[in-house]
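Notes for the one structure printed next.
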Amino acid sequence: MYWFQLDPQSIAIRVKAAGTAVAVPTLTESVLRGIAGFTIVSVAGFTPWVLAGKWFYHNPGELAMYSSCALVFMGLSGLLLHRLIIGPGSLQRFYIFFCIAFAAYSVAWIAGWMSLKGHVGSIVGLFAGTLAMGLVFATAFEAWNAILKIVAALFVLNSLGYFVGGWIEGYLAQQKELGFLSLALSGSALTIFMKYAWAICYGVGLGAGLGFAFHASQSKARELIQAS
């Protein structure tokens, strides 16, 4: 779509007009940047739940808490991930694109989770969310030929991070109940540690998926840049 200016032709034109060498990240570089950047974003994005979860549940409600988390994710992602987009002017374009993509992901995920709850709600929410995000990727970058790869990578890697993080959080909670970790951390500190462990796993998983998705979405752009 033209208003994103992320189609292959627009990216190639900006790179050519830059007049200097423009770094074109490899798949490995994209995935690593996605992991590093989005893990930091995830720790910040989980903070409303970690530090104020009880207040949210008893006052504005669960939906307000998830919405607050989503706003933190969208606000910080551009600063750390915008270089996943090839060429100059990536920061502004990343924010326009990612706010739409992550909002679509968040709405679909929250709807799936809040309607079904439990593991089924998590799986349905994760699939609906990554499908919505993948459709925004394909539309913005004109990468419909890569839509299956994009959605599959986002869903599988996001789900791995989410469920591994949940398992770790549950395991640590069990150790807390048994008293095995009480000597190292106080109850409140241990609860915070458990939740941030989940945030880190979630950030690694979805960050890897985002790195792959951005790289796959710009395959045509890379071909045009190499041919020019």
Side chains of C201 and F163 in contact at under 4.5 Å (non-hydrogen atoms): no

H119 NE2 to L126 CG distance, which is reported to the nearest 0.5 Å: 12.0 Å

Gap between atom SG of C69 and atom CE of M74 - 0.5 Å precision: 11.0 Å

R93 vs S90 side-chain heavy atoms within contact, under 4.5 Å: no

Shortest non-hydrogen contact from S217 toward F137: OG-CD2, 3.3 Å

Heavy-atom side-chain proximity of F127 to N158 below 4.5 angstrom: no

Pairwise distance CD1(I110) to OH(Y105) - rounded to 0.5 angstrom: 10.0 Å

F94 reachable from L32 in the ILVMFWY side-chain graph, under 4.5 Å edges: no

Parallel, tilted or perpendicular: rings of Y202 and F38 (30°, 60°): tilted

Where T139 and L135 come nearest, the two heavy atoms and their spacing: OG1-O, 2.8 Å

Side chain to side chain contact (heavy atoms under 4.5 Å, CB included) against L27, all qualifying residues, sequence neighbours excluded: V31, F212, H215

Nearest atoms (heavy-atom pairs only) where I86 meets P25: CG1-CD, 4.1 Å

Heavy-atom pair of closest approach, residues G37 and L81: CA-CD2, 3.9 Å

Spacing of W109 atom CH2 and M114 atom CE [to the nearest 0.5 Å]: 9.5 Å

Nearest-0.5 Å distance that lies between atom CE in M133 and atom CD1 in I150: 11.5 Å

Heavy-atom side-chain proximity of W113 to S122 below 4.5 angstrom: yes

Transitive ILVMFWY side-chain link L80 to L71, under 4.5 Å: yes

Value rounded to 0.5 Å, distance of CG in L84 from CG in L210: 7.5 Å

Joint cluster assignment, V107 & F102, ILVMFWY side-chain distance < 4.5 Å: no

Minimum heavy-atom distance between I11 and Q218, given as atom pair plus value: CD1-OE1, 3.8 Å

Heavy-atom side-chain contact between V24 and Q226 under 4.5 Å: no

Minimum heavy-atom distance between P8 and F141, given as atom pair plus value: CD-O, 3.5 Å

Linked, directly or transitively: L206 and Y196 (ILVMFWY side chains, under 4.5 Å): yes

Ring centers of W167, Y171 separated by less than 6.0 Å: yes

Heavy-atom check, side chain of R83 versus side chain of R33, under 4.5 Å: yes

Path from I13 to I96 over hydrophobic side-chain contacts below 4.5 Å: no

Other residues, nucleotides, ligands: >12 heavy atoms within 6.0 Å of Q9 CD: yes

Test item: S159 side-chain N/O and V156 main-chain N/O as donor-acceptor pair under 3.5 Å: no

Geometric class of the F97/F214 ring pair [parallel <30°, tilted 30-60°, perpendicular >60°]: perpendicular

